[in-house]
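Step one of this worksheet: look at the structure below.
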Amino acid sequence: MPIGVQSIIAVGLGATLGTFAPATGEQMKILGDVFLNLVQVVVLPLVFPLIVLGIARVESVKKVGRIAGKAILYFELVTTVILLIAVGLAKFTGIGKNAPVVGADAKDLEGMSQGIDFHELILHAVPKNIFAAFGEGNLLGAITFALLVGVAVAAIGEKSKPFADVLESVSTVMFKVVGYVIRVAPLGVLGFISYDVAHYGFGNLRSLAGFVAVVYAGLAIVVGGLFPLIAAFYRIRYVALLKSVANLAGIAFVTRSSESVLAPLMSRLEAFGLSRSTTSFVVPLGYSFNTDGSVLYQAAALVFLANAYGADTSLPALLLMVGVLVILSKGMAGVASASIVVLIAAGNSVGLPAEGVALLLGVDFIVDMARTGVNVIGNSLAAAVVDSSEKRREAKRGSDTSYAEVATEATDLQKETVQ
């Protein structure tokens with residue numbers, strides 16, 4: 001039975017169990033936690049060698065810098081456009097007016113950071129102990145270290161071949177392990193759905209149905225409107241790409257973890273035709289800096305809270321919200337409950353109380369599923385865009401070289417004729 005069908009069955013069983021046997025449903029969370037632990041234990045041992053090898057295979061360090069620059073520029077532009085779409089849609093629909101913010105309980109936010117420390121973020125990206133970084137699951141720190149090692153391997157050349165062969169073997173073994181882990185994904189889905197339905201229920205969903213509907217509508221516009229436009233501009237077969245990663249986005253949707261599909265996603269994109277050097281670099285980087293679904297949720301949530309508290313929602317105020325989120329959303333990497341933490345920090349920046357954010361926690365698991373799935377699709381498209389841009393550049397250089405060779409041959413022929 002295909003794993004997608006197994007996951008759908010698991011969703012139905014989990015919802016039934018969480019509804020009719022909530023005590024048992026909450027206990028089933030152990031299945032989801034075990035699945036995520038299995039995923040997380042293999043992510044860094046796989047991502048590290050892939051990034052090192054991807055960079056080592058690149059012709060020059062200059063190309064590495066170019067790919068990184070293109071990826072970061074793409075992340076920034078696309079997330080900004082998505083923020084504007086979300087704010088515009090939320091403003092147009094007027095979500096949040098007459099919302100029951102008085103009943104929000106700020107105790108639900110205890111223990112969460114009230115802001116993001118960019119000083120800590122930088123130190124997080126440059127760990128002092130790589131083994132500690134691996135132990136903590138610090139993906140951003142592992143990427144930084146892998147960049148340095150990859151550049152060193154490329155610079156050493158032939159002498160580094162034994163080391164590169166070991167990394168190649170490690171990555172092959174880790175891909176096999178990932179295949180084993182993905183087979184038990186339906187059990188993780190069963191555990192998470194059972195727990196979510198048993199723990200949160202559907203009461204808050206009814207009172208916040210408008211907010212959930214706007215977030216899902218915004219995500220649909222992004223996946224069905226914005227992404228196809230970007231793909232058409234870069235001549236990417238978007239429908240084929242979507243079909244290629246659809247079941248992985250589905251697993252991310254029900255497990256609410258994009259990390260659960262990181263390794264198979266890179267493998268799937270390579271099979272789609274993207275180069276390994278681009279995929280193994282852009283996708284992990286996108287997991288830290290290209291959270292398309294999450295930024296849309298945050299923008300819609302800020303407008304929701306502004307309407308609920310009667311705050312200013314004029315054009316300058318909305319643009320301020322977008323500006324704040326453009327900055328804060330890039331600090332999500334390595335932060336627990338990242339979307340909620342960024343939302344609290346952004347709300348504080350524009351004068352909105354944290355109690356309102358507590359109200360949204362009741363439906364967070366519902367929107368979290370959709371935004372996580374969109375994050376996977378967005379990073380797949382980002383890798384395809386950067387890869388397409390690099391291939392166009394190489395093709396142009398190739399045609400320029402061919403033209404120069406033809407011109408040289410013609411000149412030599414003219415000289416011989418004259419002689």
Side-chain angles (χ1 to χ4, degrees), residues 1-46 108 111-112 136-137 139 174-205 212 215-216 219 245-265 268 287 291 293-294 297 335-341 360-377:
M1 186 183 296
I3 194 167
V5 176
Q6 294 180 38
S7 297
I8 292 172
I9 293 173
V11 169
L13 290 175
T16 303
L17 188 61
T19 301
F20 297 104
T24 304
E26 291 207 7
Q27 295 300 318
M28 295 293 285
K29 186 174 183 286
I30 185 67
L31 293 177
D33 290 337
V34 168
F35 171 67
L36 278 192
N37 285 352
L38 285 172
V39 168
Q40 290 167 357
V41 79
V42 78
V43 165
L44 288 182
L46 175 63
D108 293 335
M112 285 192 177
E136 296 165 0
L139 181 61
M174 288 300 106
F175 267 121
K176 192 67 176 176
V177 173
V178 167
Y180 297 146
V181 173
I182 290 300
R183 289 183 185 179
V184 301
L187 290 178
V189 171
L190 173 64
F192 279 122
I193 295 298
S194 299
Y195 173 79
D196 285 339
V197 174
H199 186 74
Y200 295 106
F202 296 100
N204 277 340
L205 175 59
V212 174
V215 172
Y216 270 74
L219 294 173
V245 303
N247 65 333
L248 297 182
I251 292 175
F253 178 91
V254 292
T255 61
R256 297 162 55 197
S257 170
S258 52
E259 278 191 356
S260 64
V261 297
L262 174 57
L265 179 63
R268 193 72 58 84
Y287 267 53
T291 52
S294 297
Y297 159 77
V335 179
S337 304
S339 289
I340 295 296
V341 172
L360 299 177
L361 290 180
V363 293
D364 186 66
F365 83 99
I366 298 172
V367 291
D368 189 28
M369 293 190 292
R371 70 189 181 219
T372 304
V374 171
N375 287 346
V376 171
I377 297 171

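Counting from 1, the numbers follow the sequence of the chain as shown. Predicted model, so just to flag it, every value in this text is computed and none were measured.
- Minimum interatomic distance between Ile377 and Ala249 (heavy atoms only, all atoms of both residues): CG1-CB, 4.1 Å.
- Between Ala198 and Pro22 the shortest heavy-atom distance is CB-O, 3.3 Å.
- Minimum interatomic distance between Thr19 and Ala15 (heavy atoms only, all atoms of both residues): OG1-O, 2.7 Å.
- In this structure, the side chains of Val181 and Phe35 come closer than 4.5 Å at one or more pairs of heavy atoms.
- When all heavy atoms are compared, the tightest approach of Val215 to Tyr297 is CG2-CD1, 4.4 Å.
- Residues Ala252 and Val376 share a closest heavy-atom pair of CB-CG2, 3.7 Å.
- Here the CD-CG distance, from Gln27 to Leu17, works out to 11.0 Å after rounding to the nearest 0.5 Å.
- Residue Phe253 holds its CZ atom at 11.5 Å from CZ of Arg371, rounded to the nearest 0.5 Å.
- Rounding to the nearest 0.5 Å gives a distance of 13.0 Å between CD1 of Ile30 and OG of Ser194.
- The side-chain heavy atoms of Met28 and Leu190, taken from C-beta on, include a pair separated by under 4.5 Å.
- Counting only heavy atoms from C-beta outward, the side chains of Asn247 and Arg268 approach each other to under 4.5 Å.
- Looking at heavy atoms from C-beta onward, Ile9 lies out of side-chain contact with Pro186 at the 4.5 angstrom threshold.
- One finds the CG atom of Leu265 at 11.0 Å from the CD1 atom of Ile251 (value rounded to the nearest 0.5 Å).
- Contact detail for Leu31 and Leu187: the closest heavy-atom pair is CB-O, 3.5 Å.
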